[in-house]
Structure formats: structure tokens, C-alpha cells
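Written below as C-alpha cells is the structure these notes are about.
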Amino acid sequence: MAYDETGRIAPVETSSGVPAAVLENVFDDPSHGEPGRDRIAVHVVWEFLLLVGLAAVTWLLWREDADALRGDALKTLLVDVAGLGLLTLAAGLSLRAAAVNLAIGPVALAAALHFAEQGDRGVREALLPALVVAALGGLALALAVVVLHVPAWAASLAGAAAVIVYIERRTTPVVVQGGYDPRGTALYLFVGFAAVAVLGGLFGAIKPVRRLVGRFRPVADPARRRGAVAATVTALALIASTVLAVLGGVLIAANGDGPVAPASGLDWSVLAIGAVMLGGTSAYGRRGGIFGTLLAVCAVEVFLAWAVTQDWTISRWAVGGATLGAGLLVTRLVETFGRPRLGGVPAGPSGDGTISTGWALTPSPEPADAWPSVLPVRDPDTVDSWESPRWESEPRRWDAGDR
């Protein structure tokens, strides 16, 4: 009996030790052996729990203030959901691409301040320059991430610092100019966000799409490049997330009941990333649910509305930190129960299919009695020096008669 590495006896076509024909059906990234065919059951269970939580907090809000779910108050709530939802979509897109964009919060706040100052010129005139700048900034961020192949969180944090410098040029809150009121189209904005979130989750559940979007996720050394396709998709995700952050910031500013105050905006990043992770998107990238993002954003906004009825003053940092902490636990659940079962990988010709550490139990090519002897074999033609006759013929110095 002997131990050998998987694939030592039979030739394999990939680095994982399993034939490529098998990997194509079992693994998400056959050329690198990245586990795929993720199990969706964990997302179904978690999204059901999110639905129960949303129903509970909505009932609490209705019991305290039923008017908060009717009329203009409901429209305001729907626009709040759409605004935070756009930020969450931005965070979710970058997370799915395994390149989280921490600059979405500062970008949203900068867009809100810009719209507050330039809103009197018209929505289109104020929005188009902001979108162009956001696209160029997202492109610069994408080039830094995919060309230098550096961690996206570090590059986006540097970009966030640059945006905060722009924000800090203002020392006082800015009153929103213009007459744009998104509450008139609140239902359309909410339905649009919900449709994009659910359709994005559905497309992300398709294996080729999930494989394409999450290809930037490292499978070995994270400093190794993942190829031109992964770089292109990741760059597009970072650009799109920056543009979505601008749209979310405009909605937040237009739906507010007061001036836009200058701040770092990182609290919005924490809240958005926490919400998308709470919805079931993995912090490692690629894996995610279908309805989770929509349910998580609704639950967060309804909770904030309920907190207002309780006269609670809750910092956005506190809500974002709690949401992010819960999202980390959800990520662990998704990564643990969302990956394929180890028993789902068919055994190769050299393995027994039960040992998952890369070792295979193979039969020994030699019989069991062919083990080498521990003691050396004595040659009968040689004389052992310890048995030489001279030891018997020579006088013994310590003999008692010699004394």
C-alpha cells in the first residue's frame, strides 16, 4: 500500500487532477479548478429569512405610524429605497466582480453636493457632467486595478480620498437648488431598482454569466493576473458602479428634506456594502442570491423609518457597521454551504473519491512481503571482526592469574 498525489498515475488535462470533461460540468473555472455549480439552497433559505424580517419590521412601522406607509410618506420611503438601492447595486456589481469599490459613498455625496448646487440649471444639465466625470473616474480606477493588478479596496480607497478632497472644499451645507421632486415618480423608481436587482440576481445565477463576472476572483495566489477577459469585465464593473453611485447620490439629495452637508461619505459605502452582503452577495466575489439585495435594502430603509417613529437618533455609521457585521456572517454561510459538495466530484482513475486533500490511495505495485529488511544481510564469505579467533588466542590482561 502506498500514497501518491492525485493524477500521478493517470494523465490529467488540468491542474486540478481531474479530466477537463469532468471539470467542465463540476467546476466553475475549469482551467484553474475553481469550484462552481454553486448550490442555491442557502440563498433560498436566507432570502426567506430576510422576507420574514422585512415583514416583521414593516408591521412594527405600521403599528407605530400607519401614515408612514401611505401617501407622500410612502413615496418618500420608496425614493429612499431606490436611492440606497442604486448604491447597493453599485456595491453588489463590484463585489460580484471580486473588486469592491469603496469610493461609491464619497462619489454619491459629491454628486449630491453637485446636484444641490447646479440643480437650478435643470436635471439634465446638472446630471450629464457628473456622469461624464464619474465614468472617467471609474475608468482611472479600473486601469489602476486591472493594469497594475492591485487590490480594488486599496485603489478605490485612494480614489475615495481624492473625492473627499473635492467635498471638503465646501465648509457649509448646500441647499438643494431647482424644483426636481423624485416623489412624483417614486413608484417607477422603486420598480426600476427592483427589476434591475432581481434580473441581475437571475442572470448571476446562470453558470456562464457567473463564471464571466466573477472571473477576477483569485483561485491561488491573489497577486497572479486572471487574464484579459477577467480584466475587461472587472473594469466595466468598476466604471458602472461609479456611475450608479452618482445616480444614487442625486436621488438622495433630491429626496432629502434639508441641505446636503459635506462629509466623508464613507458611511454610505459601509451601509451599501453591508446591505448587499446582508442580501447574500459574498465578500469574496462571484456568489450571490436573487432577491436578497432587494429585501435587504427594503429592510434597512423600513428599519430607519421605524427608528424615526421611536424618536431614535441612529448614526448611519452604526447602522452600516451592524449591517456589515451581519453581512460578514452571511458571507461565511454562503461560502460554506453554497459551494459544491465534495462528494459531487467524480473520482478519477487514481483516487477513491473520498479523500479531499489531494492525496489518493493507490494499490502498491509490489507484494506486501517485498519490504526491504531492516537489518543488513550477512555475507557468509566475510569474517566478522568481532568473532575473529584472535580474541580467543590472545591472553586476557585482566585475568585473575596475572595479578
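These figures come from a predicted structure and were not determined experimentally.
Without hydrogens or angle criteria, Thr331 side chain to Ala283 main chain gives a donor-acceptor distance under 3.5 Å. Ser94 places a side-chain N or O within donor-acceptor distance of the main-chain N or O of Asn101, the cut-off being under 3.5 Å. Looking only at distances, a side-chain donor or acceptor of Ser156 sits under 3.5 Å from a matching main-chain atom of Leu102. A donor-acceptor pair under 3.5 Å is absent between the side-chain atoms of Asp267 and the main chain of Gly320, judged by distance alone. In this structure, the side chain of Arg215 does not engage the main chain of Ala231 through any donor-acceptor pair within 3.5 Å. Here the side chain of Glu64 pairs no donor or acceptor atom with the backbone of Trp306 at under 3.5 angstrom. Formation of a donor-acceptor pair under 3.5 Å by the Gln177 side chain with backbone atoms of Gly119 is not found in this model.
In this structure, a donor-acceptor pair under 3.5 Å is absent between the side chains of Asp65 and Thr309. Under the 3.5 Å distance criterion, with hydrogens and angles disregarded, no donor-acceptor pair is assigned to the side chains of Ser282 and Arg286.
When all heavy atoms of Leu251 and Val79 are compared, the closest pair comes out as O-CG1, 4.4 Å. Heavy atoms only, all atoms of each residue included: Val146 and Ala235 are closest at CG1-N, 4.2 Å. Contact record, Ile239 with Ala142: CG1-CB, 4.5 Å, taken as the closest heavy-atom pair. Listed here is the closest heavy atom pair of His149 and Arg224: NE2-O, 2.9 Å. When every heavy atom of Val176 is checked against every heavy atom of Ala253, the shortest pair comes out as CG2-O, 3.5 Å. Taking both residues in full, the closest heavy atoms of Ile167 and Ala263 are given as CG2-O, 3.2 Å, listed atom of the first, atom of the second, then distance.
Counting heavy atoms from C-beta outward, Val302 and Leu60 have side chains that stay 4.5 Å or more apart. In this structure the side chain of Leu127 reaches within 4.5 angstrom of the side chain of Leu247, judged on heavy atoms. Counting heavy atoms from C-beta on, the side chains of Thr171 and Pro262 never come closer than 4.5 Å.
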Give the C-alpha distance, both sets of side-chain angles, the deciding distance and a yes or no for side-chain contact (heavy atoms from CB on, under 4.5 Å) between Val81 and Phe193. CA-CA 9 Å; Val81 170; Phe193 154 66; 3.9 Å; yes
Check the pair Trp268, Ile252 against side-chain contact (heavy atoms from CB on, under 4.5 Å), reporting the backbone distance first and the verdict last. CA-CA 11 Å; Trp268 284 107; Ile252 292 172; 3.7 Å; yes
Verify side-chain contact (heavy atoms from CB on, under 4.5 Å) between Phe115 and Arg121, making sure each step is shown before the conclusion. CA-CA 9 Å; Phe115 182 79; Arg121 299 172 52 193; over 6 Å; no
For the pair His43 and Phe337, evaluate ring-ring contact (aromatic ring centres under 6.0 Å, His included) and give the outcome as yes or no after the intermediate values. CA-CA 9 Å; His43 295 285; Phe337 300 104; over 10 Å; no
Phe190 and Cys298: side-chain contact (heavy atoms from CB on, under 4.5 Å), yes or no, with the steps? CA-CA 10 Å; Phe190 173 77; Cys298 291; 3.9 Å; yes
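Considering CG of Leu278 and CG of Leu295, their distance stands at 9.5 Å, rounded to 0.5 Å. With rounding to the nearest 0.5 Å, the separation of CG in Leu51 from CZ in Phe291 is 10.0 Å. Atom CG of Leu271 sits about 7.5 Å away from atom CD of Glu301, to the nearest 0.5 Å. Separation of atoms CZ (Arg287) and CD1 (Ile40) is listed at 10.5 Å; rounding is to 0.5 Å.
Here the rule is side-chain contact (heavy atoms from CB on, under 4.5 Å) with Thr88, and of Leu294, Thr281, Val297, Leu244 only Val297 fits it.
A 6.0 Å sphere centred on CG of Asp257 holds no more than 12 heavy atoms belonging to other residues, nucleotides or ligands.
Taking the charged nitrogens against the carboxylate oxygens, Arg217 and Glu335 do have a contact shorter than 4.0 Å, which makes a salt bridge. Ion pair Asp67/Arg70 flagged as a salt bridge, since at least one NZ, NE, NH1 or NH2 atom sits closer than 4.0 Å to an Asp/Glu carboxylate oxygen.
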